[in-house]
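Presented below is the structure to which this report refers.
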Amino acid sequence: THAHALVPTRLMMGSNVAAIVSASGSCLLTHEGSRAEDAKPVILILSKKTVDDCYSALQEDVESPRSLCDRCWVPVGGFLAEWHSSLALARETFPPFLIAGMGMVAAGILLGVVKRLPVFIEVSELMILVPPLLGLKGNLEMTLASRLSTHANLGHLDSRELFCSICLGNLAVVQCQAIVVGFLAALVACMLNLFTTGKINWQHLVLMAASSVAAASIASFFLAVIMIGIVVVSRRYNVDPDNVASPIAGMLGDFVTLGILSTISYFLYEIREDCSWAQWAVMLTYSLVAPGCGWAASKNRFTSGLLREGWTPVIAAMLISSAGGIILKHADKAFHSLAPFAPVMNGAGGNLAAVQTSRISTDLHGSGRPGTMPMRRPTSRSKPELLLPEEPITPTANISGLFSENQHAGSARILITLAVPGAACFVSLIVREQSGGLALPDPLFLLIYVTATLVQVCLLFVAAHYIVGRLWREGRNPDNAAIPYVTSLGDVVGTTVLTAAFWLLTQLGRVPWKD
């Protein structure tokens with residue numbers, strides 16, 4: 001063991017050196033690591049108590065500094081640092097979560113308006129299309145945000161050359177995915193309508209396909225550019241993009257995509273008699289754009305693998321979300337005031353679960369390579385000095401796992417707690433808008449809604465822990481696959497618990513608000 005004292009932290013960046021650094025940022029001790037070509041710098045930022053223990057241990061005999069304090073480090077900004085405290089996590093996550101919720105409230109209000117448009121009344125399949133298409137856009141943008149956050153936290157975006165290559169490749173692959181899955185979403189919506197009604201209208205299929213593809217493509221480019229900007233700004237101001245990018249991506253995806261979908265479908269519906277060729281022209285244009293974007297993405301080393309592996313989770317997520325569309329279509333007929341609450345219920349829980357998914361994925365990438373689950377020694381909350389056995393980085397995928405000593409279980413509890421004030425705020429805003437500013441939500445409805453939200457969020461976090469852990473063990477990148485599965489489950493579970501909440505409220509003889 002070779003120890004040095006008081007080496008400036010910034011001099012170790014990019015070098016193959018391990019270090020013990022105090023929470024204030026001053027370097028206390030360094031340990032020279034191996035010289036393997038794939039070795040990465042390890043910087044441990046510890047509390048004073050842990051520093052005292054590690055200092056003496058490191059001076060004696062240490063083969064791997066990482067083994068000393070597995071409970072203390074996670075990758076942030078390209079090096080290993082102390083995991084954010086609960087207060088820091090809430091401070092970074094809650095404002096974007098609220099902003100995202102406002103966007104979802106706006107999307108719910110917009111859905112309540114556009115469902116009365118002639119095109120939504122005549123082409124009833126559009127209501128089935130809304131959940132999978134909104135989920136699709138949210139998935140594409142949130143997986144993009146997760147990938148960019150991982151690149152940013154590992155320091156890949158600090159190089160201008162790598163930055164341009166990563167961004168252009170991701171723009172191309174997201175555009176290709178949006179066009180292809182936008183078409184599939186319209187096709188699946190028509191098929192589901194066929195199963196429930198026994199008939200299919202081919203003119204409706206063409207109109208939906210053209211509208212869905214155009215909306216997905218335009219929204220994809222617009223939102224992807226914004227996501228890149230958010231990650232860059234977060235990085236510059238020392239905010240973990242894992243905590244802010246995914247919620248904002250979900251918020252913008254819902255509102256922007258729904259607005260573009262309703263505008264394009266309304267326009268194509270109005271000119272269908274005089275310019276029926278316009279729908280086919282849109283389809284032909286995008287049938288040429290998609291292969292071009294796919295070719296560009298295949299030539300980029302950062303996205304070539306994603307182009308091969310990224311289709312299954314996105315398509316599977318679309319199919320799962322379509323089940324939520326069926327539930328929403330029938331629930332809207334039974335409960336006329338339900339529609340404005342659907343995007344908020346589905347999106348808020350999905351956003352929180354996406355934050356958790358992105359954080360765990362970044363931690364895994366900084367701790368090892370896909371295929372082998374890294375182990376870490378948790379810290380007991382009641383007895384910090386107690387030495388607990390090592391366990392996988394991902395928490396156990398069940399409800400009890402949310403209350404374990406695992407550090408990601410701790411962040412899960414904080415994020416789940418944020419859902420309560422968020423749900424109360426969002427419901428109040430929707431009720432105030434729907435009542436013309438004259439009413440507040442019924443207390444019983446508020447209680448039932450918040451309870452439904454907690455049920456949904458807890459189930460999504462359990463699903464996120466299972467999905468991320470399984471994908472990593474199978475050697476797959478969770479940044480590319482986990483969020484689509486989690487958010488699509490959010491659509492189905494969210495629509496289901498929301499319908500159950502309205503049913504229970506009706507059975508109790510109450511209404512969401514009194515006029």
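- Each of P441, S337, S435 was compared with P512 under the side-chain contact (heavy atoms from CB on, under 4.5 Å) criterion, and only S337 meets it.
- A distance of 8.0 Å separates CD1 in I393 from CH2 in W472, rounded to the nearest 0.5 Å.
- N170 and T303 are not linked by any side-chain donor-acceptor pair at a separation below 3.5 angstrom, with hydrogens and angles left out of the test.
- Annotation for E270: atom CD counts as buried by contact number, over 12 foreign heavy atoms lying within 6.0 Å.
- Put simply, the residue from V105, V431, I430 that forms a side-chain contact (heavy atoms from CB on, under 4.5 Å) with P340 is I430.
- Scored by the ring-ring contact (aromatic ring centres under 6.0 Å, His included) test, Y466 finds no partners at all (sequence neighbours excluded).
- Across F335, F426, F445, a single residue satisfies ring-ring contact (aromatic ring centres under 6.0 Å, His included) together with F341, and that is F445.
- Atoms CG and CG, from L504 and L444 in turn, are 7.0 Å apart once rounded to the nearest 0.5 Å.
- In this structure, A424 and L446 approach most closely via the heavy-atom pair CA-CD1, 3.9 Å.
- Atom CZ of F222 sits in a sparse spot, with 12 or fewer heavy atoms from other residues, nucleotides or ligands closer than 6.0 Å.
- Within a 6.0 Å sphere centred on CZ of F94, heavy atoms belonging to other residues, nucleotides or ligands number more than 12.
- The number of heavy atoms from other shown groups lying within 6.0 Å of CZ (R470) does not exceed 12.
- Remark: S488 pairs with A317, I320, S321 by the side chain to side chain contact (heavy atoms under 4.5 Å, CB included) rule, at least two apart or across chains.
- Side chain of S217 to main chain of V213: no donor-acceptor pair is present (N/O by atom type, distance under 3.5 Å, no hydrogens or angles).
- Put simply, the side chain of L402 reaches to within 4.5 Å of the side chain of H465, judged on heavy atoms.
- Around the CZ atom of F183, the shell of radius 6.0 Å holds no more than 12 heavy atoms that belong to other residues, nucleotides or ligands.
- We find the CD1-CD distance between I416 and Q456 to be 11.0 Å, quoted to the nearest 0.5 Å.
- Remark: the T396 side chain and the N398 side chain contain no N/O donor-acceptor pair separated by less than 3.5 Å.
- Contact record, A409 with P395: N-CG, 3.7 Å, taken as the closest heavy-atom pair.
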